[in-house]
Visitor: 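Here you go, one structure.
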2 protein chains.
Amino acid sequence: MAAGNDHQDIKREKILEASYQRFLHYGYSKTTMNEIAGDLSMSKALLYYYFPDKSQLYIAVMRKIAIDYTNGLEDKTDTFTSLKEAFVFQINTNHDFIVNNYNFFDFFRLNEQNLPDMIWEIVDQVHLAELNLLSNALKAEIEGGTIKPVTNPEELITLLLDALQGIRDGSVSQKKVSFPRKEHLEGIHTKKLLLIDIFIKGLM
Amino acid sequence: MAAGNDHQDIKREKILEASYQRFLHYGYSKTTMNEIAGDLSMSKALLYYYFPDKSQLYIAVMRKIAIDYTNGLEDKTDTFTSLKEAFVFQINTNHDFIVNNYNFFDFFRLNEQNLPDMIWEIVDQVHLAELNLLSNALKAEIEGGTIKPVTNPEELITLLLDALQGIRDGSVSQKKVSFPRKEHLEGIHTKKLLLIDIFIKGLM
DNA sequence: TTCCTGACTTTTTTAACAAAACTATCAAAA
DNA sequence: TTTTGATAGTTTTGTTAAAAAAGTCAGGAA
């Protein structure tokens with residue numbers, strides 16, 4: 001029984017890995033179940049034995065990389081000596097995450113694929129992990145006395161994260177797409193670090 | 001000659017006004033040249049006598065309301081006693097502008113209409129007017145000594161405007177559209193005012 | 001019983017094309 | 001110079017058929 005589940009889990013992992021590679025290179029819409037099955041030298045029907053449908057498979061892969069990402073954040077929680085340090089870490093980690101998985105998210109087409117709403121739960125979990133990391137660092141600095149007390153630390157961090165998001169979008173205005181091209185990501189990253197400086201000073 | 005041009009200008013104005021009402025209610029794509037002509041009890045062909053094509057007509061209307069907007073900003077330039085006051089004015093004015101012309105801009109569809117690039121020049125002019133108002137106020141405060149000198153005031157204001165933009169987009173995430181629904185605009189407005197407080201303190 | 005497949009059905013995407021709606025033009029009239 | 005009806009040209013919309021992909025299932029192998 002246990003061995004059977006182990007084997008199942010290993011196979012599931014293999015499928016997730018192969019799927020990730022396909023999705024990463026070609027995006028959701030341009031990846032077919034036949035291709036994934038082909039990569040694994042198995043029949044397409046077997047994929048449906050392990051996963052209910054294509055969208056659930058995609059989401060399973062997404063959840064996996066999201067968990068890797070949030071684990072990376074949680075490991076670092078409460079290890080920072082300042083809010084700024086925490087923000088820099090968040091911005092850098094997020095930057096790398098986006099750069100590394102750029103094609104996986106298929107940003108230009110993903111909205112049109114009407115994937116299950118579960119996808120937004122994953123996004124929320126990622127946001128929550130970021131929020132947690134940063135609001136903990138904020139609370140610590142408030143306790144330490146370097147930053148003035150605020151009524152709602154989580155709300156404040158959300159506000160700042162939204163503002164940082166704006167730096168991203170500011171770099172793509174005048175375009176017909178809503179997500180920055182890969183070549184803009186570096187400039188966005190620099191501007192975010194600049195903005196955080198002002199934020200932090202404003203909180204002191 | 002002068003009278004002839006006067007008359008032409010008056011007629012042009014009438015066309016612009018009728019077009020504005022149509023575009024405001026139905027947006028660009030759902031407004032036809034026949035309807036505009038019908039509102040004015042003139043033939044469609046006459047519209048083409050005064051304006052080269054539909055997109056140029058739309059742009060002419062857009063330019064008109066953009067100029068009204070930027071004039072409102074320019075009239076107020078250098079009348080503020082603080083950067084914060086200037087920001088509050090900009091945020092409020094911009095808010096009203098968006099609310100009043102919400103349907104005109106047809107935000108959910110406008111990107112797909114591939115209008116001439118001239119449209120972005122108008123957007124740039126609006127940005128420039130906002131940038132001018134705010135960076136003047138910033139420079140004044142720097143001279144007054146309440147805010148620390150910065151190497152590039154314009155760049156800084158651009159950064160802050162981009163950040164404010166993020167507050168807008170933060171309120172629409174998880175949706176498939178990139179522009180906030182009308183009912184969200186009030187909350188966005190409030191958050192922007194909140195953020196500016198932090199900004200200003202961070203610059204002091 | 002669990003894992004797996006080939007063959008099959010159903011759904012979605014794509015392409016081609018006709019009809020309708022709309023933009024844009026123009027000769028001629030006011 | 002200003003205006004229009006008629007019409008040409010283009011884009012959008014709707015239809016249908018073929019192709020491709022998703023998804024199912026009866027039954028075989030381990």
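This is a predicted model, so every value here is computed, not measured. Both backbone and side-chain heavy atoms feed into the values below; hydrogens, waters and symmetry mates do not. Throughout, a chain's letter reflects where its sequence line sits, starting with A, and its residues are numbered from 1.
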Visitor: What is the distance, rounded to the nearest whole Å, between atom CG of A:Leu47 and atom P of D:dC25?
Guide: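 After rounding, the gap between these two atoms is 17 Å.
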Visitor: Let's see if you can work this out: which of D:dT1, C:dT5, D:dG23 has an atom nearest to the side-chain heavy atoms of A:Lys54?
Guide: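 So the nucleotide nearest the side chain must be D:dG23.
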Visitor: Rounded to the Å, how far apart are A:Met42 CE and C:dG6 P?
Guide: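 About 13 Å, once rounded to whole Å.
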Visitor: Within the pair A:Tyr48 and D:dG23, is there a side-chain N or O less than 4.0 Å away from OP1 or OP2?
Guide: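 So the side chain of A:Tyr48 is within the cut-off, an N or O lying under 4.0 Å from OP1 or OP2 of D:dG23.
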Visitor: Looking at B:Tyr28, is B:Lys54 sitting on its ring face, NZ or CZ under 6.0 Å from the six-membered ring centre and within 45 degrees of the normal?
Guide: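 Satisfied, under 6.0 Å and within 45°.
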Visitor: Figure out the OH/C1' separation between B:Tyr49 and C:dA29, and round it to whole Å.
Guide: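 For the pair B:Tyr49 OH and C:dA29 C1', the rounded distance is 14 Å.
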Visitor: Both A:Tyr50 and A:Lys44 contact DNA chain C. Which one's nearest nucleotide lies toward the 5' end?
Guide: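 Result of the comparison: A:Tyr50.
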Visitor: What pairs meet the salt bridge (charged side-chain N to carboxylate O under 4.0 Å, His left out) rule with one or both residues in residues 130-144 of chain B, with sequence neighbours excluded?
Guide: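 Checked against salt bridge (charged side-chain N to carboxylate O under 4.0 Å, His left out) - neighbours excluded - the pairs reaching residues 130-144 of chain B are B:Lys139-B:Glu154.
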Visitor: In terms of side-chain heavy atoms of B:Thr32, which of D:dT4, C:dT23, C:dC4 is nearest?
Guide: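 The nucleotide sitting nearest to the side chain is C:dT23.
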Visitor: Tell me the interatomic distance from B:Phe51, atom CZ, to C:dT25, atom P, rounded to whole angstroms.
Guide: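 One finds 15 Å between P of C:dT25 and CZ of B:Phe51, rounded.
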Visitor: Whole angstrom is fine here: how far is it from CG in A:Asn34 over to P in C:dG6?
Guide: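 About 11 Å, once rounded to whole Å.
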Visitor: Just to be sure I understand the rule, does A:Thr31 reach a base, reach only the sugar-phosphate, or reach nothing, if contact means heavy atoms closer than 4.0 Å?
Guide: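 Since only primed, P, OP1 and OP2 atoms lie under 4.0 Å of A:Thr31, the category is sugar-phosphate.
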Visitor: Taking NZ from A:Lys11 and P from C:dC3, how many angstroms apart are they, rounded to a whole number?
Guide: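 In whole Å, C:dC3 P lies 9 Å from A:Lys11 NZ.
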Visitor: In this structure, how many angstroms lie between the C1' atom of C:dT23 and the OH atom of B:Tyr58, rounded?
Guide: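 It works out to 18 Å between those atoms.
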Visitor: Counting only side-chain heavy atoms from C-beta out, which of C:dC3, C:dT14, C:dG6 sits nearest to A:Leu46?
Guide: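 So the nucleotide nearest the side chain must be C:dC3.
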Visitor: Compute both the distance and the angle, then confirm whether B:Lys76 meets the cation-pi test with B:Phe89: under 6.0 Å from the six-membered ring centre, within 45 degrees of the axis.
Guide: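 Because its charged atom sits under 6.0 Å from the ring centre and within 45° of the axis, B:Lys76 does stack over B:Phe89.
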Visitor: Counting side-chain heavy atoms from CB outward, which of D:dT2, C:dT25, C:dC3 is closest to B:Gln8?
Guide: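 Of D:dT2, C:dT25, C:dC3, D:dT2 is nearest to the side chain of B:Gln8.
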Visitor: Starting at CE of A:Met33 and ending at C1' of C:dT11, how long is that distance when rounded to a whole Å?
Guide: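 Taking atom C1' of C:dT11 as the reference, CE of A:Met33 is at 14 Å.
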Visitor: I'd like to check B:Leu195 versus A:Leu160 (side-chain heavy atoms, cut-off strictly below 4.5 Å). Are they in contact?
Guide: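 Yes; the side chains approach each other to less than 4.5 Å.
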Visitor: With B:Arg12 as the cation and B:Phe51 as the aromatic partner, state whether NZ or CZ is under 6.0 Å from the six-membered ring centre and within 45° of the axis.
Guide: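 Relative to the ring axis of B:Phe51, which defines the angle, B:Arg12 lies inside both limits.
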